Amino acid sequence: MPSIAGRDCSNYEQASLDIEHEPSLLQNFRPQARPNAMSISAKTTALILLMGLLLSLSAFYIQRSIVYPAFHEIELDYARDNIDRVVRRLETQRETIDFTVYDWSAWNDTYAFIQTGDPDYIESNLYPDTFLNFGFDVVLFLNLDREPVWGRIFDFPVDGGFVDLTDAYLDGVLAATSGFTYRIDPEEHIDDQKTSGIVQVGGMPVLFAMRPIVKSDGSGPHKGYVVFGQFLDDELISKFSEQIVQDFSIEPVSEADVSGASDAYTLAIIDRSALTASKIYSIEDIPSLRATAILPRHITEVGRDITFYGVALLVFLCTLLAAALLALFRWMVVKPILSLKADISSISNAMDYSLRASIRNNDEIGALSREFNAMLGMIESNNTELLRLNAELTSKHQKVLEIQGELQSANAELRRLSEHDPLTGLSNRLALERKLEQAWEILSRTGDPLTIMLADIDHFKLYNDRYGHQAGDEAIKQVAAILTDAVQRKTDMAARYGGEEFLLVLPGTDVEAATEIAASIRERIIAANIEHDCNPVEPFLTISTGVSTVVPRSDLTVEDLVSAADKALYKVKERGRHNFGYQAVEPTVR
C-alpha cells in the first residue's frame, strides 16, 4: 500500500502516546481487552529477567569460585618465592663469611700466630683495608680459653676511612660468641668443624662464622678460633635488597618467639595493592632472624584484567540475548507493525479517513490498531499543529547536534591535556606508559631495537634554591624544548618522567644512533648555556643521561629496560655527571 505523504512519524507516535494518557477522548472507542491475554511487555520482561538472572548467577559463580581463588593462590606462591630469595641471600652471605674464615683458620701462619702473637703477622695481614675489602666488621682470633689474642671491631663509613669500635663492643661480642665454641666437634672432618650464628651486639644483629685454628693441611690439634662477622645494618640490608631487587627488613627472633615450624611462611594482606611476607631464617636449625618483605599485588591486578574478560563474556551473552529478543520482536512486534504501517500508508494516500486498519491481535499492537482507528477522525484537525511542532523539534535537534559537536571538541582537548605535562607540553607518565607498551609489543614482533634515554638535570635542587622555583620551571621548559628537538621522528617520544627527569623513547634506534643522539643532546645543553653558578660540575646547567637498548623478547620486560637506563644514569652520576652512559639490559630474576 502507498505511504502517507508529508506526515511525521515521530509526531504521530507522540500523538498516540498523548491519546493513551487521555482516556476521556477515546472511552467510547476503546475495546475491552480479552481476559487472560498476556501483553508483549510482560512476555519480554519475563524473558529478560530470566536470562539476566542466569547471567548474573554465572558471573557470580565464575568470580567467586574460579577466578579469585586461583589468583589468590598464585599471589601467595609469588610472595613465598620472593621471601625465599631473601632468605637465600642471607644464607649466601653466611656461607661467604664461613668460606673466608676457613681460609684464615686453616693456615700455618695463623696457627703460629695464635700461639706466639707474632706482631709481624698482625702488620702483614691484620690491617683495616683487608677487612674493608671483605666487608667484615668483626674480627676475632681467640685462644683455646676463648680469650682474644687479637680482636677488632670496625665501622667503615661510606665516605671512606674507618672507625675503631673495639673498646665499645669487644666485650659484648666475646660474651655473645664465646659459647658457640662448644658447637664445634673436633672429631668431625675438618670441613665440618664450624659454626655460625647471629648475635645481638649493641642492639645490632651480627652475622658471624667461627672455625678452629688448624694447620694448612687440616691437622691439629686446635690452637684457638677465628671469628669473622658483619653488622646487618641498614646499609648492608639495602645493598642486599638492590642485589636481589627486593626490599626487605629483618628483626631478631629466638626459639621462644617462634611457634610451629621455623621454615613456615607468614603472609598477610595489607590492602588491595600490597601484602607482607615473612619467614624465619634459621642457622644450624636455630631460629635467628625474621625476614619480612612488602610486595606489590600485581597478580591481583592481573586478576582484574581477567575479570575484564569475564565482563566481555557477559557482553557476549548479552549480545546473544539481544539477538534472541530481536527475533522475538520481529515475530511478535515488527511484523504486525509493518502490517499496520501498510494500512496507515494506504489510508494516507487515499485520504479516505473512513478506512480502518485491519490488525486484530489481542496484544498492545492490536490495541494500537484499534486506537488508531479511533484517532483517524482527529488527524486532519491536528495535522497542521503537528507539522509546526515537528519544525520546532527539528530546530531544537539541530541545536543539540551543535552542542554535541562542541562537547566532543572539549572532550578531545581534555583527553589531550590528560596525556601531556602542563609545564613542558611533553607527554606525561600515562602517555609514556602507553607508548612503551605499544612500542614493546610492535618491536617484539619486528625484531627491531627499542632505545630509551633517562635524563636528569644535575643538582637541580641547588638551581631552585639559587634562582627560585619560577626560574627552575623555565629551565625545565628549556631542557624539554632541547629534548623535543633531539627526537625528530614521529615514532619517537619525549616525556617528563619526574620533577627534573625526562625519558626519551626511540623505537627502531640502535646503540650507535642512540649514542649520537645522547651526544647531540649534551652539546645542545652546553650551547644553551643556562646559567647555574651553584653547579659543582660546570657554571651552567648540565644533565646526565642513561641509555639502554634492547630487542624486546619474552624473558624481558619494559621495567628491565627502564631499570638498565636508570643504572646507566646512576653510573654517569658516580663518574661526575654532565655526560651520558650506556647499560645493557639484563633480565630480572623472578
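Please read all numbers here as calculations on a predicted model, not as lab measurements.
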Check your understanding: Which distance, rounded to the nearest 0.5 Å, do you find between the CZ of Phe460 and the CG of Asp465?
Key -> 10.0 Å
Review point. When you check the side-chain N and O atoms of Asp510 and Thr549, is any donor under 3.5 Å from an acceptor?
Key: no
Practice item. Please list, chain by chain and in numerical order, all residues satisfying salt bridge (charged side-chain N to carboxylate O under 4.0 Å, His left out) with Asp77, sequence neighbours excluded. Key: Arg80
Review point. What's the shortest heavy-atom distance between Gly161 and Pro157, and which atoms?
Key: O-CD, 3.5 Å
Check your understanding: Just checking, is any N or O donor in the side chain of Thr557 or Asp560 under 3.5 Å from an acceptor N or O on the other one?
Key -> yes
Point to revise | Sequence-distant partners of Arg152, side chain to side chain donor-acceptor pair (under 3.5 Å), two or more places apart | key: none
Review point. Side chains of Arg489 and Thr509: do they bring a donor and an acceptor to under 3.5 Å?
Key: yes
Check your understanding: For the residue pair Trp104 and Phe131, does the interplanar ring angle fall in the parallel (under 30°), tilted (30 to 60°) or perpendicular (over 60°) class?
Key -> tilted
Check your understanding: Do you see a donor-acceptor pair shorter than 3.5 Å between the side chains of Ser544 and Asp458?
Key -> yes
**Study point:** Side-chain H-bond candidate by donor/acceptor type, Gln243 with Arg89, under 3.5 Å
**Key:** yes
Practice item. Give me the one residue out of Thr100, Val101, Asp103 that meets side chain to side chain contact (heavy atoms under 4.5 Å, CB included) with Arg211. Key: Val101
**Study point:** Under the salt bridge (charged side-chain N to carboxylate O under 4.0 Å, His left out) test, residues paired with Arg272 that sit two or more places apart
**Key:** none
**Study point:** Heavy-atom closest pair, residues Ile294 and Gln246
**Key:** O-NE2, 3.9 Å
Check your understanding: Is there a donor in the side chain of Glu251 and an acceptor in the side chain of Thr292, or the other way round, less than 3.5 Å apart?
Key -> no
Practice item. For the pair His532 and Tyr463, name the ring-plane relationship: parallel under 30°, tilted 30 to 60°, perpendicular over 60°. Key: perpendicular
Check your understanding: Does the gap between the ring centers of Phe240 and Phe248 come in under 6.0 Å?
Key -> no
**Study point:** Under 3.5 Å side-chain donor-acceptor pair for Arg524 and Ser520
**Key:** yes
**Study point:** Any donor-acceptor N/O pair, Asp271 side chain to Ala274 backbone, under 3.5 Å
**Key:** yes
Review point. Relative to the ring of Phe136, is the ring of Phe134 parallel (under 30°), tilted (30 to 60°) or perpendicular (over 60°)?
Key: parallel
Exercise for review: State whether the side chain of Thr177 and the backbone N or O of Val173 hold a donor-acceptor pair below 3.5 Å, judged by distance alone.
Suggested key: yes
Practice item. Would you please test Leu462 and Asn535 for side-chain contact (heavy atoms from CB on, under 4.5 Å) and show each step? Key: CA-CA 7 Å; Leu462 298 178; Asn535 188 353; over 6 Å; no
Exercise for review: State, to 0.1 Å, how close Ile83 and Ala277 come at their nearest heavy-atom pair, and which atoms those are.
Suggested key: CD1-O, 3.4 Å
Exercise for review: May I have the step-by-step check of ring pair (Phe, Tyr, Trp, His ring centres under 6.0 Å) for Phe502 and Tyr497, ending in yes or no?
Suggested key: CA-CA 5 Å; Phe502 303 87; Tyr497 195 64; 10.0 Å; no
